[in-house]
Amino acid sequence: MSALHSADSFLLSLSRAFCSPLAVFIQIQGCVICLTLAIGWAFAAYVRKREINRIEDGIKGGNSFAFLCHDIYELEHSNQVNLPRVSVVMPLKGFGEHNLHNWKSQITSLYGGPIEFLFVVESTEDPAYHAVSQLITEFKGDVDARVIVAGLSTTCSQKIHNQLVGVENMHKDSKYVLFLDDDVRFHPGSIGVLTTEMEKNPEIFIQTGYPLDLPSGTLGSYCIYEYHMPCSMGFATGGKTFFLWGGCMMMHADDFRHDNYGVVSGLRDGGYSDDMTLAAIAGAHKRLITSPPVAVFPHPIASDLTFSRYWNYLRKQTFVLESYISTVNWLMNRALFLTHFYLSWGFVAPYFMAMVHVAAALQIYIKDYSYGETTCTSGLLLAIWLAICTFTELLSMWNLTRIEVQLCNILSPEAPKLSLDYYNWSMIFVAMLVDNFLYPISAFWSHFSQTINWSGIRYNLKNGKIHKIERNKDKGPEFTDLGGKHLYGKKAATPKASLLGSLGRSLAHWHQPKKYDV
């Protein structure tokens, strides 16, 4: 009985301590963070919804192809023959459950101008090599696509090396180069939209977009979704942005041919992250980055994503803050590091305090204590206010996700419809706490280790740049983090021709995992 009484006393004392001015400030701050996120997502939803209304109005006005372009006359032959040549470079690594569907959505673009697709792999031993070769054979004569073997990187990350080798092999007349990750699904008109914006405003340095995560049901997949959501508001500006996502980047091909602004040397000489490096270059040279309101792409997460793979993904995300190309870039990364650290634990701490306040209130009720003699009323009120703010935040997140799902369905009318029904919002709330609690730990780990394992390759940093690359299949992971892709040929089954043969050339037969079908 004395132990129980001591526990009760400790709980009530802790609740009273959490009513101190500093503790109250921390709890109010948590509410402010929730409301700030809710407002940001509400604005992003407004931008995306405005684009949905524009497309629907165009369809009502007689433009059945409003999901491709604003003006139907842009599809006339006289306009299409003048479209610039685009080279699409896709660095590949491994082969998983969603790759075939993603690749097919990318090469079946309805862009009317000359276009080529360059799939770049590290070696012929990569499972992706045989899979994409089969796919290209299946579409031979319909698309201009080829596989390029880049070899091993020695001065930068393998992804950047593959991108640069792809650029070296692009068509001499290409005006734009589009870098795509192989883990997102493109819409039929996405390349046309990106190119049109580049043509309208030659001052654009990079056009980008952002993924819409499709969680697979595991806690790790919801942590990924929750991690990406705060950044989504930075890409839903309808125009200028300071954010850049490496999964979709369209740039001027001449910037790479002539190493303008040091884009090639900046990436090649010790570059770890393509998007962070290019964003730093854009900032240093006052170059423009934009994100069209329709540049949001479904991103299916592997159904077998484990928590350990999520943790390694988080480590890779925090590790990018350790790479830099200049002193200013280093200072910006340190500022991001400290800000994210403060806001992450500043978000989690109020929930712990609220749990203590609620537990203390229940204890008072059960033991029939005098409330005024045991703890302060403000603690329970703060917990109630935090609950209201959290509900508002989740509602705003739900609304943005709902609108982005609707937008993706409109932009890909021939594809099976995505659905919001499979999002577990209780799990998302848990993921918010888990992800924000772990982020500072991951960031500190990255800072002091200066090393990371990315798809079986260990990179070591020195002075913000890669200075050592280690490869050891026996000690590395068998799968990539988000896509769950097999990294080594001996551990992956080569896709059969009959499977690829079942892929029709019509967009009407696009297939997505059944859990997202209506």
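Computed from a predicted model, the values in this text were never measured in an experiment. Index from 1, following the sequence.
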> Would Ser232 and Arg48 count as a side-chain hydrogen bond (donor to acceptor under 3.5 Å, both in side chains) if you check the C-alpha gap in whole Å, the side-chain angles of each, and the deciding distance to 0.1 Å?
Replying inline: CA-CA 11 Å; Ser232 65; Arg48 303 292 193 198; over 6 Å; no
>> Could you walk me through whether Leu461 and Tyr324 satisfy the side chain to side chain contact (heavy atoms under 4.5 Å, CB included) test, starting with their C-alpha distance in whole Å, then the side-chain angles of each, then the deciding distance to 0.1 Å, before giving a yes or no?
In response: CA-CA 10 Å; Leu461 293 184; Tyr324 53 89; over 6 Å; no
>> Just so I know, are the side chains of Asp304 and Arg309 near enough to count as touching, which here means a heavy-atom distance under 4.5 Å?
In response: yes
> Mind checking whether Phe256 and Phe179 have ring centres under 6.0 Å apart?
Replying inline: yes
>> Pair Leu178, Phe186 - check side chain to side chain contact (heavy atoms under 4.5 Å, CB included), show working.
In response: CA-CA 12 Å; Leu178 173 62; Phe186 239 44; 4.0 Å; yes
>> Side chains of Arg471 and Gln158: any donor to acceptor distance under 3.5 Å?
In response: yes
> So, are Glu404 and Lys49 salt-bridged, with charged N and O less than 4.0 Å apart?
Replying inline: no
> Does Leu438 offer a backbone N or O that forms a donor-acceptor pair with the side chain of Ser442 under 3.5 Å?
Replying inline: no
> Within the side chain of Ser216, is there an N or O that forms a donor-acceptor pair under 3.5 Å with the backbone of Ala302?
Replying inline: yes
> Short question: side chain of Asp213, backbone of Pro215 - any donor-acceptor pair under 3.5 Å?
Replying inline: no
> For Val89, does its backbone N or O pair with a side-chain atom of Glu116 as donor and acceptor, under 3.5 Å?
Replying inline: no
>> Could you check whether Asp181 pairs with Lys159 (Lys NZ or Arg NE/NH1/NH2 to Asp/Glu carboxylate O, under 4.0 Å)?
In response: yes
> Just by modelled atom types, is the Gly94 backbone N or O under 3.5 Å from a matching donor or acceptor in the Asp126 side chain?
Replying inline: yes
>> Looking at Gln450, is its backbone amide N or carbonyl O close enough to the side chain of Glu322 to form a donor-acceptor pair, meaning the two atoms are under 3.5 Å apart?
In response: no
> With a 4.5 Å heavy-atom cut-off, do Val147 and Val121 have their side chains touching?
Replying inline: yes
> For Asp182 and Asn99, what are the C-alpha separation, side-chain angles and deciding distance, and is it a side-chain hydrogen bond (donor to acceptor under 3.5 Å, both in side chains)?
Replying inline: CA-CA 7 Å; Asp182 65 350; Asn99 283 119; 3.2 Å; yes
> Relative to each other, are the rings of His228 and His299 parallel, tilted or perpendicular (30° and 60° limits)?
Replying inline: tilted
> Phe337 and Phe444: aromatic ring centres closer than 6.0 Å?
Replying inline: yes
> Side chains of Glu197 and Asn201: do they bring a donor and an acceptor to under 3.5 Å?
Replying inline: no
> Got Asn453 and Lys316 here, is their nearest side-chain heavy-atom distance under 4.5 Å?
Replying inline: no
> Can the positive tip of Arg458 be found less than 6.0 Å from the middle of the six-membered ring of Trp454, inside 45° of the ring normal?
Replying inline: no
> Measuring from Thr237:OG1 to Phe243:CZ, what's the distance to the nearest 0.5 Å?
Replying inline: 9.5 Å
> Can you find a side-chain donor-acceptor pair between His357 and Gln27 that sits under 3.5 Å?
Replying inline: yes
>> Surrounding CZ of Phe341 (heavy atoms of other residues, nucleotides or ligands, distance under 6.0 Å), is the total greater than 12?
In response: yes
> For Phe307, does the CZ atom have more than 12 heavy-atom neighbours from other residues, nucleotides or ligands under 6.0 Å away?
Replying inline: yes
>> Using a 6.0 Å cut-off, check whether atom CE of Met427 has over 12 heavy atoms from anything other than its own residue.
In response: yes
>> Quick one about Thr451 and Ser449 (side-chain donor to acceptor, distance below 3.5 Å, no hydrogens or angles considered), yes or no?
In response: no
>> side chain to side chain contact (heavy atoms under 4.5 Å, CB included), that's the test. Do Leu118 and Met90 meet it? Break it down for me.
In response: CA-CA 6 Å; Leu118 307 176; Met90 288 166 280; over 6 Å; no
>> How about OH on Tyr129, more than 12 heavy atoms from neighbouring residues, nucleotides or ligands closer than 6.0 Å, or not?
In response: no
>> Against Phe429, only a single residue in Tyr222, Tyr423, Tyr351 fulfils ring pair (Phe, Tyr, Trp, His ring centres under 6.0 Å); can you say which?
In response: Tyr351
> Could you walk me through whether Asn399 and Arg402 pass the side-chain hydrogen bond (donor to acceptor under 3.5 Å, both in side chains) check?
Replying inline: CA-CA 5 Å; Asn399 184 55; Arg402 176 184 65 86; 2.6 Å; yes
>> Working note: Thr241 + Ser291, criterion side-chain hydrogen bond (donor to acceptor under 3.5 Å, both in side chains); need CA distance, chi angles, decisive distance, verdict.
In response: CA-CA 7 Å; Thr241 181; Ser291 180; over 6 Å; no
> Roughly how far, to the nearest 0.5 Å, is the CZ atom of Phe205 from the CG atom of Leu288?
Replying inline: 10.5 Å
> Is the gap between the ring centers of Trp445 and Trp311 under 6.0 Å?
Replying inline: yes
>> Under the criterion side chain to side chain contact (heavy atoms under 4.5 Å, CB included), I'd like the reasoning laid out for Ser396 against Thr392: C-alpha separation, chi angles, the key distance, then a yes or no.
In response: CA-CA 6 Å; Ser396 185; Thr392 304; 5.7 Å; no
> Short question: side chain of Ser323, backbone of Val320 - any donor-acceptor pair under 3.5 Å?
Replying inline: yes
> Between Tyr310 and Tyr227, does the ring centre distance come in under 6.0 Å?
Replying inline: no
> Looking only at atom types and distance, does a side-chain atom of Asp259 sit under 3.5 Å from a main-chain N or O of Val263, one as donor and one as acceptor?
Replying inline: yes
> CE of Met332 to CE of Met276: how many Å apart, nearest 0.5 Å?
Replying inline: 9.0 Å
>> So Leu194 and Pro292, do their side chains get closer than 4.5 Å, heavy atoms only?
In response: yes
